[in-house]
Amino acid sequence: MLKLIQVLWPSFLVAGLAEILFFTVINPQELYLLGTPVRFSPLATYSIGFFGFWLVCAASSLMTLFFQRTADEINHPEG
Amino acid sequence: MTPVESGGDDSLYAVRQKVYVRSVTGWFATWRWTLVWATQILFYGLPWLQWNGRQAVLLHLVERKFYIFGWVFWPQDVFFLAVLLIISAYALFFFTAIAGRLWCGYACPQTVYTEIFQWIEQKIEGDRNKRIKLDKSPFGAQKLGIKGAKYGAWIALSVWTGFTFVSYFSPLKELIHEAVTFSFGSWELFWILFYGGFTYLMAGVMREQVCKYMCPYARFQGVMFDPDTLVITYDVERGEPRGTRKKGVDPRVVGKGDCVDCGICVQVCPTGIDIRNGLQYECIGCAACIDACDQVMEKMSYPKGLIRYSTENAIKKHWGRKEIFGHVLRPRTLIYGGILAAICVAFLWGLATRAPLRVDILRDRATLAREVDGGWIENVYRLQIMNMTEAERAFEITVSGLENIRLEGGSKEFRIPAAAIESVAIQVQIPPDAARPGSSNPIYLEVKAVDDPSVFVREKSTFLMPN
């Protein structure tokens, strides 16, 4: 549970910030998806964008958590 | 979550339950509830307010326009948002330096919603002892009913909170219509449930854990403290050695301090700490322990303020009120306050002088320059004119900077609808001898409101001559 929070919570905060910055600068209606203009409603684009950011940030948090493990924890997982 | 149990059930401490209930009616509790009301009337009420025939505060994501009372903000105004964030940060620094975690104790949504959720809990399940008893009792119809009622009320409040949150970003009128006909947009419904769900999780389940483990501010608030910062303090010198005693006995005679060790300060603490162990980072500064302790002191006929707002220096040097207040103004608070005041002034000045018109000039990339009738040379420009007011407005475009420069068809007038951007193409022409071939020449395009000549924008661009 603690690990879950450690991964999901900081990434949530940063994703919120990234979402605001990104969509302030970029109009979702001007985005292209695989070469064609994005046809989702603005609300859908904002929402998908937020979860995209969250996912990326969570991946980063997960890596941090992973690299924080000591050699002992990696070599003797049962101990 | 579970506050530390206090020892002993001496008759004197049988009033514990009563004190616990009364603790929410103390001086600081009144302040906390005032803030709960103020912030929540604002939060739940603001979307219902109308202004100029529209929602007064609407951060319209789909239109990419923020309506805030008389103002309409565009993505280009992100500067104001950035400054607002800086102001918030400095306000936090300033108030923290003066009196600790005022924000946490009184205004933070986490505190406010926890307070509301706890109030519901107390109304439905009863006070602390009843709740403990209920949780220990075996599962049955009565327990199911009580618990169900509580969770039901929590869920209703959460959904309402989620609905209100979304109504800041999608017009409330449309949301109500969608709610009545139950035809919510799937994303709107998702965000209502998402925000509502998080409200429930944070205020109903996580509570003080959010402050202890998830809040970034709680981790670094210590750097803004100094020995003159007002914090909730237990007067060790006066209270120790703590211990039980009979009512009416002079504590000094039995070799004890003023603390009767009733443990009520721990029971009322929303983060479950013991303030008598000194300042701890978990302390959100809600002052519930002050209210609780004062009531016990009153009962014991001791002076109030065994736990009180004080400073490290004041406790050490036995300062009174006058000396404490005398140290509120010190380099740290003056610097925070000075920067805060300066940014506020700059923000207000920027807002007051914000031009209701914005113009972007793009050169037409297809044809850089071409020759037209009579050998004149023509450049084409595309003007993005933003009318930032909420009324349709006529604008006149003029050009200057080169001899005999003119707009094709004379000066132009365009009507731009309220709060809208229009793209306007203009052809600028000069006689062939007005500039050297192959040269690039500065020119000025001026856009002026017809009804108010003080509203204008003068933009520089370049006029290209072909070789």
Side-chain angles (χ1 to χ4, degrees), chain A residues 1-69 73, chain B residues 1 59-66 73-85 88-89 110 165-171 174-175 178 184-195 197-198 201-202 205-207 209-220 360 384 386 421:
Chain A
M1 183 66 188
L2 181 68
K3 283 194 174 148
L4 202 69
I5 292 175
Q6 281 175 337
V7 170
L8 291 182
W9 181 246
S11 49
F12 176 84
L13 294 178
V14 179
L17 208 68
E19 165 95 357
I20 294 171
L21 286 176
F22 184 82
F23 285 113
T24 304
V25 181
I26 287 160
N27 185 338
Q29 300 305 87
E30 284 164 14
L31 288 173
Y32 281 76
L33 186 68
L34 303 176
T36 50
V38 169
R39 285 206 195 86
F40 305 129
S41 73
L43 218 53
T45 318
Y46 287 126
S47 305
I48 293 166
F50 175 73
F51 285 102
F53 281 126
W54 196 2
L55 205 69
V56 171
C57 295
S60 161
S61 290
L62 196 67
M63 292 286 274
T64 308
L65 211 65
F66 180 70
F67 286 129
Q68 268 181 342
R69 302 201 316 166
E73 284 171 315
Chain B
M1 194 61 245
L59 315 178
H60 206 312
L61 288 185
V62 174
E63 283 185 12
R64 291 177 69 75
K65 276 178 229 159
F66 285 6
F73 292 97
W74 302 65
Q76 286 85 340
D77 291 311
V78 66
F79 163 78
F80 287 105
L81 183 69
V83 177
L84 207 60
L85 288 178
S88 310
Q110 179 61 32
F165 177 75
V166 171
S167 72
Y168 277 91
F169 303 99
S170 275
E174 290 170 27
L175 279 181
E178 287 170 358
F184 278 117
S186 52
W187 281 109
E188 279 157 353
L189 186 63
F190 171 82
W191 286 111
I192 289 173
L193 296 179
F194 187 89
Y195 194 84
F198 259 83
L201 188 71
M202 299 289 197
V205 184
M206 306 280 290
R207 295 192 176 170
Q209 297 179 73
V210 175
C211 313
K212 279 159 81 173
Y213 308 120
M214 291 162 74
C215 177
Y217 168 62
R219 298 293 171 111
F220 71 80
D360 282 322
Q384 299 256 34
M386 279 170 78
I421 311 177

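Note on naming: letters A, B, ... go to the chains in the order of the sequence lines (proteins, then strands), and numbering restarts at 1 for each one.
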Open item on the list: Does any backbone or side-chain atom of P10(A) lie under 4.5 Å from a heavy atom of chain B? Answer side chain, backbone, both or neither.
Closed with: neither

Task: Heavy-atom contact with chain B under 4.5 Å, split by part of L8(A) - done: neither

Task: Contacting moiety of S186(B), where chain A heavy atoms sit under 4.5 Å - done: neither

Result block: side-chain N/O donor-acceptor pairs under 3.5 angstrom for residues 41-49 of chain A, not counting sequence neighbours:
{"unit_1": "S41(A)", "atom_1": "OG", "unit_2": "A44(A)", "atom_2": "N", "d": "3.2"}
{"unit_1": "T45(A)", "atom_1": "OG1", "unit_2": "S41(A)", "atom_2": "O", "d": "3.0"}
{"unit_1": "Y46(A)", "atom_1": "OH", "unit_2": "L61(B)", "atom_2": "O", "d": "3.0"}
{"unit_1": "Y46(A)", "atom_1": "OH", "unit_2": "R64(B)", "atom_2": "NH1", "d": "3.1"}
{"unit_1": "S47(A)", "atom_1": "OG", "unit_2": "L43(A)", "atom_2": "O", "d": "2.7"}
{"unit_1": "S47(A)", "atom_1": "OG", "unit_2": "W191(B)", "atom_2": "NE1", "d": "2.7"}

TODO: Could you tell me which portion of Y213(B) (side chain, backbone, both or neither) has an atom closer than 4.5 angstrom to a non-hydrogen atom of chain A?
DONE: neither

Task: Under 4.5 Å from a heavy atom of chain A, the part of E188(B) involved - done: both

Task: Pick from T24(A), N27(A), I5(A) with the largest number of heavy-atom pairs that fall under 4.5 Å of chain B - done: N27(A)

Task: L85(B) side, atom CG; I20(A) side, atom CD1 - distance, nearest 0.5 Å - done: 7.5 Å

TODO: Count the heavy atoms belonging to other residues, nucleotides or ligands that lie under 6.0 Å from CZ of F40(A), then report whether that count exceeds 12.
DONE: no

Task: F51(A) side, atom CZ; F190(B) side, atom CZ - distance, nearest 0.5 Å - done: 3.5 Å

- [ ] Against chain B, label L21(A) side chain, backbone, both or neither, depending on which of its atoms sit under 4.5 Å from a heavy atom there.
- [x] neither

